[in-house]
Protein chains: 2
Amino acid sequence: MERHVRLAPEDRAALDGLARQHVRPVAPRQDIVGQHDDPYHTHLILDGWACRYRQFPDGRRAIVSLLLPGDLCDPGVTRRARMDHAIGALTAVTVARIAPDQIGAAVRARPALDECLWLEMRDTTALQREWIASVGRRTAIERLAHLFCELYLRLARVGLADGNTIPMPVTQPDLADALGQTSVHINRTLKALRGAGLIALRGRRLTIHDLDGLMKRGLFDPAYLHLA
Amino acid sequence: MERHVRLAPEDRAALDGLARQHVRPVAPRQDIVGQHDDPYHTHLILDGWACRYRQFPDGRRAIVSLLLPGDLCDPGVTRRARMDHAIGALTAVTVARIAPDQIGAAVRARPALDECLWLEMRDTTALQREWIASVGRRTAIERLAHLFCELYLRLARVGLADGNTIPMPVTQPDLADALGQTSVHINRTLKALRGAGLIALRGRRLTIHDLDGLMKRGLFDPAYLHLA
DNA sequence: GCCGCGCGCTAACCTGCGTTAAGCGACCGC
DNA sequence: GCGGTCGCTTAACGCAGGTTAGCGCGCGGC
């Protein structure tokens with residue numbers, strides 16, 4: 001599950017151990033961690049899609065990142081602080097709750113895991129940077145194309161792509177909040193991408209007909225994902 | 001310079017040692033690290049303002065974060081990877097170059113520094129999240145107000161605020177690229193903020209007349225900065 | 001098996017911000 | 001001291017994307 005880096009079997013075993021304890025299901029639209037909580041646990045997404053989001057007093061919502069199976073919620077949470085945003089389930093989700101001292105112990109026992117956490121962190125920040133660039137400077141169609149490329153590669157990395165199609169369980173309003181637009185415009189843009197023959201989206205599944213074309217349309221450069 | 005956390009004098013001394021070696025001046029508008037470099041060193045900003053940015057083939061530029069004196073460029077760079085963005089000087093800058101093995105050695109010698117690096121990382125990601133929320137869901141005037149609040153508090157934290165005024169050495173085109181807008185509209189928005197009596201901006205210095213008002217205007221909640 | 005609600009989809013209209021353009025002043029290099 | 005470039009400012013105009021509204025459908029709850 002963790003990064004494509006050298007990990008001894010014992011390291012994997014240690015991770016497995018953490019992931020198996022305290023597994024918890026979360027219903028769609030429920031918060032995993034609330035916006036003003038004093039979070040104690042780190043969470044590992046085992047199944048389903050979640051997101052970090054920030055909610056403004058007037059109701060506007062900004063989805064700040066998407067969390068897919070295999071993603072770790074807050075490696076740095078060990079260093080405690082009040083939450084400034086929330087983590088919510090977009091679909092039905094199952095998460096593993098991991099206590100900070102467990103992480104600390106695991107890292108001390110198996111130093112390679114510390115390296116893993118740093119890599120995880122590095123990837124997270126790279127992803128966030130690309131999102132800022134997207135929302136800041138890409139047009140509507142570029143944003144959506146870019147997001148689809150990103151999701152495809154991230155899901156493929158953890159074995160959740162089925163050929164050229166991936167699950168796409170999020171609603172159009174969700175996409176809108178993630179891309180800084182309205183659901184109406186997301187719908188228009190989807191129509192355009194379909195019309196261009198780049199994708200098909202039906203029944204919560206996205207099929208990418210032309211990945212190269214989609215990448216070009218979204219100014220997508222996979223470097224930031226740090227794939228193998 | 002580093003986070004407001006318990007640091008033994010020896011820890012500070014170790015940091016100081018790193019910061020004093022290989023100090024280098026960088027001219028305004030020059031890159032500190034290029035967009036496709038294979039970066040070897042971490043950089044610490046000692047003076048001046050820099051930014052991370054991503055440049056698209058057609059010339060569009062997205063500034064993805066602002067780096068102020070005291071900011072560390074890439075604690076995680078130890079874990080090598082090709083750059084997917086660039087770091088550039090906005091003003092004349094002086095940076096300290098720090099080799100990865102120096103960081104490694106320092107961390108092993110003084111474990112408290114590892115904690116520092118994690119905190120730095122935590123703050124960086126929180127900042128990036130807030131920027132995504134800004135560009136995604138805040139209006140032009142809210143974005144600018146929010147950015148000014150953020151910069152004021154970040155500079156005050158390192159002793160660079162002079163009462164209610166701070167240096168503001170960046171151009172309007174720079175602000176535009178940081179906030180995902182055009183310089184023309186930045187100019188309009190500045191006029192509005194001035195007109196509302198919230199700020200004054202003259203000669204590369206920003207005076208905040210009404211911090212509370214500015215915070216309200218920018219939907220600013222300082223929680224994400226993790227101040228004392 | 002029915003009801004209600006949320007989502008997908010579309011259309012018509014509106015506006016915040018982008019675009020283009022132009023004048024002016026400060027700074028820089030020669 | 002002079003010309004060129006870049007940033008600031010404003011104005012006029014255009015458009016990408018927001019807003020509002022309305023319909024149909026699928027799904028979950030009871």
Side-chain angles (χ1 to χ4, degrees), chain A residues 27-30 49 56 58-63 88-92 134-147 167-195 199-206 217-218, chain B residues 27-30 49 51 56 58-63 88-92 134-145 147 167-195 199-206 217-218:
Chain A
R29 312 273 139 203
Q30 295 297 306
W49 290 29
F56 293 112
D58 63 2
R60 276 177 280 177
R61 179 179 69 150
I63 290 182
L90 291 173
T91 68
S134 243
V135 175
R137 282 288 178 244
R138 274 186 256 254
T139 65
I141 198 166
E142 288 165 355
R143 270 181 233 185
L144 199 49
H146 188 276
L147 180 67
M168 184 59 54
V170 297
T171 67
Q172 292 181 14
D174 290 337
L175 286 175
D177 285 340
L179 297 181
Q181 301 184 251
T182 58
S183 62
V184 174
H185 201 63
I186 292 290
N187 190 287
R188 287 196 273 250
T189 309
L190 279 172
K191 197 169 155 188
L193 282 179
R194 269 192 283 248
I199 62 159
L201 179 58
R202 284 188 343 269
R204 316 264 100 149
R205 295 182 65 74
L206 171 75
R217 206 70 198 71
Chain B
R29 312 272 140 204
Q30 294 297 307
W49 290 28
C51 67
F56 293 112
D58 63 2
R60 275 177 281 177
R61 179 180 69 150
I63 290 182
L90 291 173
T91 68
S134 242
V135 176
R137 282 289 179 242
R138 274 185 257 255
T139 65
I141 198 166
E142 288 165 354
R143 270 181 233 184
L144 199 50
L147 180 67
M168 183 60 54
V170 296
T171 67
Q172 292 180 15
D174 290 337
L175 287 175
D177 285 341
L179 298 180
Q181 301 183 249
T182 59
S183 62
V184 174
H185 201 63
I186 292 290
N187 190 285
R188 289 196 272 250
T189 309
L190 278 172
K191 197 169 155 188
L193 282 177
R194 268 193 283 248
I199 62 159
L201 179 57
R202 284 188 343 268
R204 316 264 100 148
R205 296 184 63 74
L206 171 74
R217 205 71 198 70

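Residue numbers begin at 1 in each chain, while the letters A, B, ... track the order of the sequences.
Looking at residues two or more places apart in sequence or on another chain, you find a side-chain hydrogen bond (donor to acceptor under 3.5 Å, both in side chains) between A:R60 and A:D58, B:E142. Residues that satisfy the salt bridge (Lys or Arg N to Asp or Glu O under 4.0 Å) test with A:R143, not counting sequence neighbours, are absent from this structure. Partners of A:R29 under the side-chain hydrogen bond (donor to acceptor under 3.5 Å, both in side chains) rule, at least two apart in sequence or in another chain, are A:D174.
In terms of modelled atom types and a separation under 3.5 Å, the side chain of B:S183 and the main chain of B:A176 share no donor-acceptor contact.
Scanning both residues, B:L90 and B:P28, for their nearest heavy atoms gives O-CB, 4.0 Å. Nearest heavy-atom pair, B:R61 versus B:D177, reported as atom, atom and distance to 0.1 Å: NE-OD2, 2.7 Å. Of all heavy-atom pairs spanning B:L144 and B:L175, the tightest one is CD1-CD1, 4.5 Å. Closest heavy-atom contact between A:V170 and A:W49: CG1-CE3, 3.6 Å.
At the heavy-atom level, B:R202 lies nowhere under 4.0 Å from the strands shown.
The side-chain heavy atoms of B:T171 and B:R204, taken from C-beta on, include a pair separated by under 4.5 Å. B:R137 has its side chain out of reach of A:I63: every pair of non-hydrogen atoms, C-beta onward, lies at least 4.5 Å apart.
Distances shown here put a side-chain N or O of A:N187 below 4.0 Å from the OP1 or OP2 atom of C:dC9.
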What does the B/S/- profile of nucleotides 15-30 of chain C look like, 5' to 3', with a 4.0 Å heavy-atom cutoff to protein?
--BBBB----------

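With a heavy-atom cut-off of 4.0 Å to chain A, the contacted part of DNA chain D has its first and last nucleotide at D:dG17 to D:dT20.
Taking five base pairs at each end of the helix from C:dG1-D:dC30 to C:dC30-D:dG1, the local helix axes there meet at an angle of 60°, rounded to 10°.
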